[in-house]
Asker: 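Input: one structure, supplied below.
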Amino acid sequence: MGSEADVAEMTGPLLAGGASDGAPAAEAVPPWREQLTVRGIVVSAILGVLFCLITHKLNLTVGIIPSLNVAAGLLGYFLVRTWTAALARFGIVSKPFTKQENTVIQTCVVACYGLAFSGGFGSYMLAMDQNTYELIGADYPGNRAVDVKNPSLSWMIGFMFVVSFLGLFSLVALRKVMVIDYKLTYPSGTATAMLINSFHTTTGAELAEKQVNCLGKYLSISFVWNCFKWFFSGVGDSCGFDNFPSLGLAAFKNTFYFDFSPTYIGCGLICPHIVNCSTLLGAIISWGFLWPYISTKAGDWYPADLGSNDFKGLYGYKVFISVSVILGDGIYNLIKIIYATIKEIVNARSKQGRLPLVQVQDDDEGSKLSAEEKFLNEVFVKDSIPPWLAGSGYVGLAAISTATVPMIFPQLKWYLVLSAYVVAPLLAFCNSYGTGLTDWNLASTYGKIGLFIFASWVGQNGGVLAGLAACGVMMSIVSTAADLMQDFKTGYLTLSSPRSMFVSQLIGTALGCVIAPLTFWLYWTAFDIGNPDGMFKAPYAVIFREMSILGVEGFSALPQHCLAICSFFFFAAIAINLLRDVTPNNVSKFIPLPMAMAVPFYIGAYFAIDMFVGTVILFVWERVNHKESEDFAGAVASGLICGDGIWSVPSAILSIMRIDPPICMYFKPSLAG
């Protein structure tokens, strides 16, 4: 399976609570109710507001949002520590602050600010408003004045409450498969766990101390480097180190450049080598060969004078081909899990024993588990969430949602909402699995599929709004499910109870349903949102509306040969996965992962190059000093990702205060002669 990076090897004492003899069983794990505290919820709400503001800011300006999980864990720790120190001044003794409580706070914050992203405040919700309608032009074919719904707090909060909780119930039953059996890395989740564990090491284990120092050192380096980079990043998107043509200007045009991003180098250090090499291979196939080839067909396959985000041109190929690879891979893995699960249940019935834990891998992994990993698995499986609760929760919420969404969007009929909820768990699984491998949450890509299909299904009469609303329904489920699994990975490594994590996610989602629309309203009333010449351009609003209009015109509007190329990539992804499963291990470990290959197809090659740099550093380090790389690679990676994550707070504050970087560093070819 994808990333069977041996978690036990990678983690060392730091991830299991710092016991120096490798037997962490002595560590006391508080019962799940004690992991949820009032101060934790208050801190989560404060951080939720801060992170929602940051997310909206990024959403409405550039449309790209990094993972803030790590910053959430760190700031949660500092706030509670400050809180207890302040109370101690007045002689009030507080309950000890455990790493489990820290994890629960981080989970709650992520659930809250995740809704600022999946709520579509910079994409599908804005695409419905009057501004975007006027921007595209009243005379644009398919852009009709009746397909307009302006933002208002009442319907936005209502809509969030109705659709946001389903994602939590959709995959909770598969958490053991994803975290223990498949050993997916979830790089941000792992980095956050290392950070939280490093704060709460009780035993004075020398290694834990060294790891904490190492993490602190690289965190500072990453933070200072980001601060330095900011001064050269100018106004607009073309300045600074993020646009440094390190491999030459021709390669830069095709997104092949090293962009000096500590986050992706850190991901490269945490992700298994095969994942990093797969992303690079995907980048080379798409940006090295496929897109340059298709762009030579401009004027033949598609009109030559289209904008860079026009679905009728190259952009259409990029989105749909990457989506077809992701779906091929996701469907294959889903079928494989269902098959393995059914097989286990049948075996258990025949033995009349208790239902065993799903074990997808057939080798003798169990015998190789360290005492440390056995303990982690034990704690993770102990406080389970009953499958009937997850199932009935999903069905019940889907029923409520199916009844109420059409009241908010009359264009989206009840049977359309219902059909969205039938396929949503499949897409949620695909996304969660992909996030576990590469750390990229592709919720908006799945949202675009939903948008396209539903818009074309409803057709001329209200299809544009129906598509956008369906996109919202899909995105919230798919995004929440991936965040949930990322958090379960953190909880697994910090010995937190899945039950307390789940309750915390419910609380965080409820907070987010109120905080995200309110913080958006602040921007909506204070600034000129969606003005193409202003600061808050909201680039995705126009793109999403264009897509929905195109969806109404149906698949016939796709560029030439696009459907054929997509079908080829869809079946290629299934074939590669099949090949990985039928070949012996010494061969299959060199076969790339389609899910990891698909990400750069859409996003660009730059992050694949960064991750590959991380993998090369780790590869050399393992050869030079294997023991040291085993002990410290995770700490270095977490430090790099954390420093980057923390910098997002001051950079957003500078941006909100309209303080621009003083220098714009950019590159152009020197003129010959």
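Residue numbers count from 1 along this sequence. These values consider heavy atoms only, across backbone and side chains, with no hydrogens, waters or symmetry-generated copies. Source: prediction; values computed, not measured.
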Asker: Does any part of the side chain of I617, heavy atoms only, come nearer than 4.5 Å to the side chain of I265, both counted from C-beta?
Answerer: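 Of all side-chain heavy-atom pairs linking I617 with I265, at least one is under 4.5 Å.
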
Asker: Can you name the nearest heavy-atom pair linking P262 to N226, along with the distance?
Answerer: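 Reported closest heavy-atom pair: CG-ND2, 3.8 Å.
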
Asker: Does any N or O in the side chain of S496 come within less than 3.5 Å of the main-chain N or O of Y492, such that one atom is a donor and the other an acceptor?
Answerer: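 It does not hold such a pair.
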
Asker: For the pair Q35 (side chain) and E101 (backbone), establish whether a donor and an acceptor sit closer than 3.5 Å, ignoring hydrogens and angles.
Answerer: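 Not confirmed, Q35 side chain does not pair with E101 backbone.
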
Asker: Would you name the heavy atoms of M475 and A443 that are closest together and state the gap between them?
Answerer: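 It is CG-O, 3.4 Å.
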
Asker: So with a 6.0 Å cut-off around OH of Y218, is the heavy-atom count from everything else above 12?
Answerer: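 No, because the 6.0 Å sphere around OH of Y218 holds 12 heavy atoms or fewer from other groups.
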
Asker: Walk me through it: do T103 and T494 pass the test side chain to side chain donor-acceptor pair (under 3.5 Å)?
Answerer: CA-CA 7 Å; T103 308; T494 56; 3.0 Å; yes

Asker: Any heavy-atom pair between the side chains of V179 and F380 that's under 4.5 Å?
Answerer: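 Of all side-chain heavy-atom pairs linking V179 with F380, at least one is under 4.5 Å.
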
Asker: If you look at every heavy atom in P661 and W230, which pair is closest and at what distance?
Answerer: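 Heavy atoms only, the tightest pair is CB-O, 3.0 Å.
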
Asker: So, does Y113 use its side chain to make a donor-acceptor pair with the main chain of L47 at under 3.5 Å?
Answerer: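 No: the side chain of Y113 does not pair with the backbone of L47.
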
Asker: For Y257, check ring pair (Phe, Tyr, Trp, His ring centres under 6.0 Å) against everything at least two apart and list the hits.
Answerer: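 Partners of Y257 by the ring pair (Phe, Tyr, Trp, His ring centres under 6.0 Å) criterion, ordered by chain and then number, come out as F252, Y606.
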
Asker: Can you check whether H200 reaches Q100 side chain to side chain, under 4.5 Å on heavy atoms?
Answerer: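 No - every pair of side-chain heavy atoms lies 4.5 Å or more apart.
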
Asker: Under 6.0 Å between ring centres, would you say that holds for F258 and F244?
Answerer: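 Not under 6.0 Å, so no.
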
Asker: Between Y433 and M485, does the side-chain contact (heavy atoms from CB on, under 4.5 Å) criterion hold? Intermediate values first, please.
Answerer: CA-CA 9 Å; Y433 182 78; M485 221 40 91; over 6 Å; no

Asker: Short question: side chain of N197, backbone of L493 - any donor-acceptor pair under 3.5 Å?
Answerer: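 Confirmed, N197 side chain pairs with L493 backbone.
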
Asker: For F619, look at atom CZ and say whether over 12 heavy atoms of other residues, nucleotides or ligands are found less than 6.0 Å away.
Answerer: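 Atom CZ in F619 is not crowded, with 12 or fewer foreign heavy atoms closer than 6.0 Å.
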
Asker: I need the minimum non-hydrogen distance between A45 and I515, along with the two atoms involved.
Answerer: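 Shortest heavy-atom separation between A45 and I515 comes out as O-CD1, 4.0 Å.
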
Asker: Donor-acceptor check, side chain of T84 to backbone of V80, threshold 3.5 angstrom: yes or no?
Answerer: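 Confirmed, T84 side chain pairs with V80 backbone.
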
Asker: Hey, does F612 have a side-chain heavy atom less than 4.5 Å from the side chain of T615?
Answerer: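 Answer yes - side chains close enough.
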
Asker: Would you name the heavy atoms of A482 and N431 that are closest together and state the gap between them?
Answerer: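 Closest pair (atom of A482, atom of N431, distance): CB-ND2, 3.6 Å.
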
Asker: Please report the interatomic distance OG(S504) to CD1(I105), rounded to the nearest 0.5 Å.
Answerer: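 One gets 9.0 Å once the value is rounded to the nearest 0.5 Å.
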
Asker: For residues 238-247, pull every pair meeting salt bridge (Lys or Arg N to Asp or Glu O under 4.0 Å), keeping only residues two or more places apart or in separate chains.
Answerer: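 Matches after skipping sequence neighbours: K229-D242.
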
Asker: Test D483 against every option in T107, T435, V110 by the side-chain contact (heavy atoms from CB on, under 4.5 Å) rule and name the one that passes.
Answerer: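 The side-chain contact (heavy atoms from CB on, under 4.5 Å) with D483 is passed solely by V110 among T107, T435, V110.
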
Asker: Taking atom types as modelled, is there a side-chain donor on T185 or T190 under 3.5 Å from an acceptor on the other?
Answerer: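 No donor-acceptor contact under 3.5 Å links the two side chains.
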
Asker: Take F289 and N254, measure what side-chain contact (heavy atoms from CB on, under 4.5 Å) needs, and give me the verdict at the end.
Answerer: CA-CA 10 Å; F289 296 102; N254 282 320; over 6 Å; no

Asker: Please check this pair: side chain of W83 against backbone of G40, looking for a donor-acceptor N/O pair closer than 3.5 Å.
Answerer: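 Not confirmed, W83 side chain does not pair with G40 backbone.
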
Asker: Please examine the side chains of M178 and S432, heavy atoms only from C-beta on, and report whether any two atoms are closer than 4.5 Å.
Answerer: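 A side-chain contact exists here, since the closest heavy-atom pair is under 4.5 Å.
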
Asker: Applying side-chain contact (heavy atoms from CB on, under 4.5 Å), run through F121 and W524 and close with a yes or a no.
Answerer: CA-CA 10 Å; F121 296 101; W524 179 252; over 6 Å; no

Asker: For M597, is there any backbone N or O sitting under 3.5 Å from a side-chain donor or acceptor partner on S278?
Answerer: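 No: the side chain of S278 does not pair with the backbone of M597.
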
Asker: Got F117 and H56 here, is their nearest side-chain heavy-atom distance under 4.5 Å?
Answerer: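 A side-chain contact is absent here, since even the closest heavy-atom pair is not under 4.5 Å.
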
Asker: Has the side chain of W291 got a donor or acceptor atom that lies under 3.5 Å from a matching backbone atom of F601?
Answerer: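 Present.
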
Asker: Between atom CG of D610 and atom CZ of F260, what is the distance when rounded to the nearest 0.5 Å?
Answerer: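 It is 9.0 Å, given to the nearest 0.5 Å.
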
Asker: Any donor-acceptor pair under 3.5 Å linking the side-chain atoms of E622 with those of H273?
Answerer: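 The answer is yes; a qualifying pair exists.
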
Asker: Restricting to ring pair (Phe, Tyr, Trp, His ring centres under 6.0 Å), what partner residues turn up for F223, sequence neighbours left out?
Answerer: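 Once residues adjacent in sequence are excluded, the partners of F223 under the ring pair (Phe, Tyr, Trp, His ring centres under 6.0 Å) criterion are W647.
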
Asker: Verify, without hydrogens or angle tests, whether N276 (side chain) and G268 (backbone) share a donor-acceptor contact under 3.5 angstrom.
Answerer: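 Flag set: sc N276 to bb G268 pair under 3.5 Å.
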
Asker: Begin from the C-alpha positions of C52 and C112 and carry the test disulfide (SG to SG under 2.5 Å) through to its verdict.
Answerer: CA-CA 8 Å; C52 279; C112 179; 4.3 Å; no

Asker: Any side-chain heavy atom of C430 within less than 4.5 Å of one from D329?
Answerer: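 No - every pair of side-chain heavy atoms lies 4.5 Å or more apart.
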
Asker: Report yes if the side chains of I609 and L247 come closer than 4.5 Å at any heavy-atom pair, otherwise no.
Answerer: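 A side-chain contact under 4.5 Å exists here.
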
Asker: Find the distance between SG (C239) and OH (Y666) and round it off to the nearest 0.5 Å.
Answerer: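 If I round to the nearest 0.5 Å, the distance is 8.5 Å.
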
Asker: What heavy-atom pair brings W621 and V636 nearest, and what distance separates the two atoms?
Answerer: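 That closest heavy-atom pairing would be CH2-CG2, 3.9 Å.
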
Asker: Is it the case that the side chain of S222 and the backbone of L219 share a donor-acceptor pair, with hydrogens and angles ignored and the cut-off at 3.5 Å?
Answerer: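 Checked: no pair found.
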
Asker: Verify side-chain contact (heavy atoms from CB on, under 4.5 Å) between I284 and F256, making sure each step is shown before the conclusion.
Answerer: CA-CA 9 Å; I284 292 168; F256 281 94; 4.2 Å; yes

Asker: Look at the aromatic rings of F228 and F241 and report parallel, tilted or perpendicular, splitting at 30° and 60°.
Answerer: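 It falls in the tilted class, 30° to 60°.
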
Asker: Working to the nearest 0.5 angstrom, can you tell me the gap between K668 NZ and L249 CG?
Answerer: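 It comes to 11.5 Å.
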
Asker: With rounding to the nearest 0.5 Å, note down the distance linking CD1 in I507 to OG in S44.
Answerer: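 I507 atom CD1 to S44 atom OG measures 8.0 Å (nearest 0.5 Å).
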
Asker: How far does CE of M595 sit from OG1 of T279, to the nearest 0.5 angstrom?
Answerer: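 That separation rounds to 13.5 Å.
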
